[in-house]
Amino acid sequence: MSLESHLRTLVGDSHVITDSDLKASYETDWTRRFSGNARLVVRPARTAEVAAVVKACTSEGVPIVPQGGNTGLVGGSVPRGGEVVLSLRRLVELSPVDTMAAQVTAAAGVSIATVQEAAREAGLMYGVDLASRDSATVGGTVATNAGGLRVLRYGATRAQVVGVEAVFANGDVVQRMTGLTKDNTGYDLAGLLTGSEGTLAVITRARLKLWNPPVARATALLGLDSIADAISLLERLRTLSSLDALEAFFDDGMQLVCDHTGMSPPFPGSFGCYLLVECAGRNDPTEELATLLDDSPEVRAAAFARQRPEREALWRYREAHTESISAAGVPHKLDVTLPLARMVEFEASVRGAVAAAASPGDDVRAILFGHLGDGNLHVNVLGPADDDERADDAVLRLVASLGGSISAEHGIGVAKAPWLHLTRSPADIAAMLAIKAALDPQGIMNPGAIFSLT
Ligand code: FAD
Ligand code: MLT
Ligand code: ZN
């Protein structure tokens with residue numbers, strides 16, 4: 001029996017997609033920079049079906065690309081050519097929230113917005129939030145160790161993962177789903193699979209930690225002269241125990257957002273740097289935030305909001321960056337972290353490095369924004385052809401030379417695999433490859449992601 005026929009018997013005819021029009025949305029990533037032909041798309045609905053599908057592919061030696069919401073930004077969720085795309089979007093079971101443990105168990109295809117909503121209805125909150133919340137899945141965010149807008153306070157996804165259920169390449173299912181807070185019984189497989197980008201196993205369920213929500217929030221959008229001023233202000237903002245989010249962007253991004261969304265700029269005139277600050281707590285944090293900002297000479301303009309619609313309107317200037325940049329072209333997305341002490345130097349050099357990497361006369365520009373509180377900037381290079389990696393190389397080498405990391409929260413995927421060696425030593429890469437070889441000896445799990453194909 002052919003693999004296709006075998007998979008049809010496992011998941012049902014209508015969940016094996018071979019028609020090229022129907023496959024198309026699974027074959028191109030969110031940025032439109034990465035695409036490849038899928039041998040077929042298979043859509044199991046349960047863990048047992050995932051295990052049977054993986055086993056069938058392994059026995060035929062056919063590689064698999066696991067896919068959740070396909071919102072990943074490093075090309076890891078789409079085929080390079082000829083793989084089976086294993087879509088997890090039909091795994092949508094969400095258990096009732098366990099309010100005693102403050103945890104919830106969600107299948108891989110449940111969206112982050114759905115987890116957030118379930119937590120809210122139970123009087124709790126999920127600590128991960130990101131602008132792709134309506135499409136990004138539990139499986140995808142665990143597989144990428146997604147960060148987002150609340151890392152400063154709650155940590156990235158790994159800090160929320162209490163357990164995972166996953167299918168290994170040989171079809172074995174491992175469950176670490178007891179929800180025990182303390183469980184030092186051997187290796188931390190859940191921690192290892194978090195951030196493994198589909199290269200070690202297919203995640204089918206996760207048990208997630210929930211938090212007590214704050215009672216009140218206060219948001220401020222600030223205009224400052226420079227990122228140096230933003231960092232000096234950041235040092236004082238960090239003294240506030242209510243600090244919840246600290247995001248930065250620049251005037252070129254603000255203009256793109258206003259052009260794309262039709263929103264008016266928040267202030268008359270323009271500023272060298274914008275900071276979006278949110279505080280949250282059991283008591284209303286507005287006064288302590290306003291007092292600190294009143295006493296801060298760096299603040300040149302400020303807009304405050306306390307109620308949800310007004311706060312969301314301020315957040316929109318920040319959250320709309322991704323879609324506004326993509327509307328202007330196909331970006332090379334370089335998500336990097338820097339030590340805060342080198343951030344000013346990086347910001348001052350990176351646009352020049354991008355320009356120097358281009359040919360004279362090329363229309364190339366770098367739009368920067370990101371999670372400044374985490375030392376995480378997103379460098380979005382517009383202009384180079386999809387396969388012209390000169391700017392990527394220049395930016396990632398600059399990051400490495402300043403002691404940063406070439407991936408803060410999006411992962412390595414295929415986009416950054418050639419530069420892995422910049423911020424991981426040969427011994428480190430050898431250890432990771434040994435783990436990969438042990439768990440996936442045939443190399444069928446997302447080949448080309450994290451580690452370049454040789
Ligand atoms: P996919 O894109 O489908 O897959 C991502 C990777 O995970 C791939 O390598 C894939 O093979 C693997 N994978 C997916 N599901 C599984 C599974 N069940 N088992 C094993 N491997 C799997 N990211 C951030 O970190 N922070 C942000 O603030 C943020 N904001 C974003 C805003 C927008 C508008 C967009 C479009 C993206 C944003 N992202 C952000 C990136 C993206 O949403 C995250 O990387 C997210 O974790 C991807 O989830 P997904 O379900 O779409 O996964
Ligand atoms: C964000 O912080 O908005 C995301 O990581 C998405 C992006 O980098 O475009
Ligand atoms: Zn981000």
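Just so you know, ligand 1 is whichever comes first in the structure, and atom 1 is the first atom listed for that ligand.
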Any non-hydrogen atom of H410 lying under 4.0 Å from ligand 2?
yes
Could you tell me whether some N/O pair between T144 and ligand 1 is separated by less than 3.5 angstrom?
yes
Where ligand 2 meets K333 - atom numbers and elements under 4.0 angstrom, heavy-atom basis:
7 (C), 8 (O), 9 (O)
For ligand 2, which atoms, with element, lie under 4.0 Å from some heavy atom of F369?
1 (C), 3 (O), 7 (C), 8 (O), 9 (O)
Non-hydrogen atoms of G413 versus ligand 1: any pair closer than 4.0 Å?
no
Which is it for [X] and ligand 1 at heavy atoms under 4.0 Å: side chain, backbone, both or neither?
{"X": "A201", "value": "backbone"}
{"X": "L73", "value": "side chain"}
{"X": "N446", "value": "side chain"}

Which side-chain N or O atoms in residues 328-342 pair as donor and acceptor under 3.5 Å with protein atoms at least two apart or in another chain?
| from | atom 1 | to | atom 2 | distance (Å) |
| --- | --- | --- | --- | --- |
| H332 | ND1 | R33 | NH2 | 3.4 |
| H332 | ND1 | D392 | OD1 | 2.8 |
| H332 | ND1 | D392 | OD2 | 3.3 |
| H332 | NE2 | A385 | O | 2.9 |
| K333 | NZ | N380 | OD1 | 2.6 |
| D335 | OD1 | N376 | ND2 | 2.8 |
| D335 | OD1 | H378 | ND1 | 3.4 |
| D335 | OD2 | A408 | N | 3.1 |
| D335 | OD2 | E409 | N | 2.8 |
| D335 | OD2 | H410 | N | 2.7 |
| R342 | NE | E345 | OE1 | 2.9 |
| R342 | NH2 | E345 | OE1 | 3.3 |
| R342 | NH2 | E345 | OE2 | 3.3 |

Could you enumerate the protein N, O or S atoms under 2.8 Å from the Zn ion (ligand 3), written like residue then atom name?
H371 NE2, H378 NE2, E409 OE2
Could you see which bit of I325 sits under 4.0 Å from ligand 2, with heavy atoms only: side chain, backbone, both or neither?
neither
Nearest protein heavy-atom contact for [atom]: which residue, which atom, what distance?
{"atom": "atom 22 (C) of ligand 1", "value": "A143 CB, 3.4 Å"}
{"atom": "atom 6 (C) of ligand 2", "value": "T322 OG1, 3.3 Å"}
{"atom": "atom 53 (O) of ligand 1", "value": "G140 CA, 3.5 Å"}
{"atom": "atom 1 (C) of ligand 2", "value": "R318 NH2, 3.4 Å"}

When you compare the side chains of E278 and T219, does any donor N or O come within less than 3.5 Å of an acceptor on the partner?
yes
Side chains of T199 and S196: is there a donor and an acceptor less than 3.5 Å apart?
no
Y154 and W211 aromatic ring geometry - parallel, tilted or perpendicular at 30°/60° bounds:
perpendicular
